[in-house]
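In what follows, a structure is listed as structure tokens, so that the remarks can point back to it.
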Amino acid sequence: MDTNALRLVEGPPPLEHYLRLRRDSGLTPVRADQGAAAVTGSWSACHVVDADGVPVAMGRVIGDGGWYFHLVDVATDPGHQRQGLGRVVEWLIADVRTRAPEGAYLSLVGDPPGQRLYRTLGFDDVAPSLGMAMVLGADD
């Protein structure tokens, strides 16, 4: 693959590609209504397209615009993994550095495959803290 043919695009990918990239990269699949809210509700987002304009990687930041920012939805098409698409994360970090107030807190939950990359970009473990989550269901 010619990595020179890849282009970083500011903003989230179209919804159908957002859903595909989440699913194909191993992230938890989401419904179209959840994905639509995600792509329009991002504080910052970018994606990478191939020579044909097809999104092959993405990432976004959610946050309050003042103090707290969270890096989410970092996903790369399996056929394009390990080919330098960490530039999505680099772009998002640079965007937060540029637009957020000094002292902003940028966090993420790093799955094992991405932890090494995140550490090389300046993220540190927050031990003894532990990431936690809750999935809300219809029977709550």
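Values reported hereafter were calculated over all heavy atoms of this structure, with side chains retained and with hydrogens, waters and symmetry mates removed. These figures come from a predicted structure and were not determined experimentally.
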Heavy-atom side-chain proximity of P55 to R20 below 4.5 angstrom | yes
T98 backbone acceptor or donor facing D95 side chain under 3.5 Å | no
Do the side chains of V74 and M58 join up, straight or via other hydrophobic residues, at under 4.5 Å, putting them in one cluster?
-> no
Kindly say whether A94 contributes a backbone atom to a donor-acceptor pair with the side chain of R99 at under 3.5 angstrom?
-> no
Taking a hydrophobic cluster as the set of Ile, Leu, Val, Met, Phe, Trp and Tyr residues connected by side-chain heavy atoms closer than 4.5 Å, whether directly or through intermediates, do V72 and W43 fall within one such cluster?
-> no
Pairwise side-chain contact, V61 with H70, heavy-atom cut-off 4.5 Å (strictly under) | no
I would like to know whether D125 and R119 meet salt bridge (charged side-chain N to carboxylate O under 4.0 Å, His left out); could you show each step before the answer?
-> CA-CA 8 Å; D125 294 347; R119 285 187 185 101; 3.0 Å; yes
Could you label the plane-to-plane angle of the Y68 and Y105 rings as parallel, tilted or perpendicular, counting under 30° as parallel and over 60° as perpendicular?
-> parallel
Check: E10 side chain, C46 main-chain N or O, donor-acceptor pair, under 3.5 Å | no
Mind running side chain to side chain contact (heavy atoms under 4.5 Å, CB included) on L92 and L71 for me, showing each step along the way?
-> CA-CA 8 Å; L92 291 167; L71 184 62; 3.4 Å; yes
Minimal non-hydrogen separation, R22 against V30, with atom names | NE-CG1, 3.7 Å
Nearest heavy-atom pair of Q115 and G110: which atoms, and what distance?
-> NE2-O, 2.7 Å
Run the side chain to side chain contact (heavy atoms under 4.5 Å, CB included) check on V54 and H17 step by step: do they pass?
-> CA-CA 8 Å; V54 176; H17 293 287; 4.1 Å; yes
Minimal non-hydrogen separation, S25 against A75, with atom names = OG-CB, 3.3 Å
same_hphob_cluster(V48, V9) at 4.5 Å side-chain heavy-atom cutoff | no
Please lay out, stage by stage, how F123 and S107 fare under the test side chain to side chain contact (heavy atoms under 4.5 Å, CB included).
-> CA-CA 8 Å; F123 286 92; S107 64; 5.9 Å; no
For G41 against I62, the heavy-atom pair lying closest together | O-CG2, 4.5 Å
Hydrophobic cluster membership, Y118 vs V109, 4.5 Å side-chain cutoff = no
Less than 4.5 Å apart, any side-chain heavy atom of L6 and any of R87?
-> yes
Out of curiosity, does F69 fall in the hydrophobic cluster containing W67 (side-chain heavy atoms, cut-off under 4.5 Å, transitive links)?
-> no
Could you go step by step and tell me if V49 and H47 meet the side chain to side chain contact (heavy atoms under 4.5 Å, CB included) rule?
-> CA-CA 7 Å; V49 296; H47 63 285; 3.6 Å; yes
Nearest heavy atoms of G59 and V88, plus distance in Å = N-CG1, 3.5 Å
D24 versus P78: any side-chain heavy-atom pair under 4.5 Å?
-> yes
Please tell me if the side chains of V56 and T76 come closer than 4.5 Å, counting only heavy atoms from C-beta onward.
-> no
What closest approach, in Å, do D73 and L27 show between heavy atoms, and which atom pair accounts for it?
-> CA-CD1, 4.2 Å
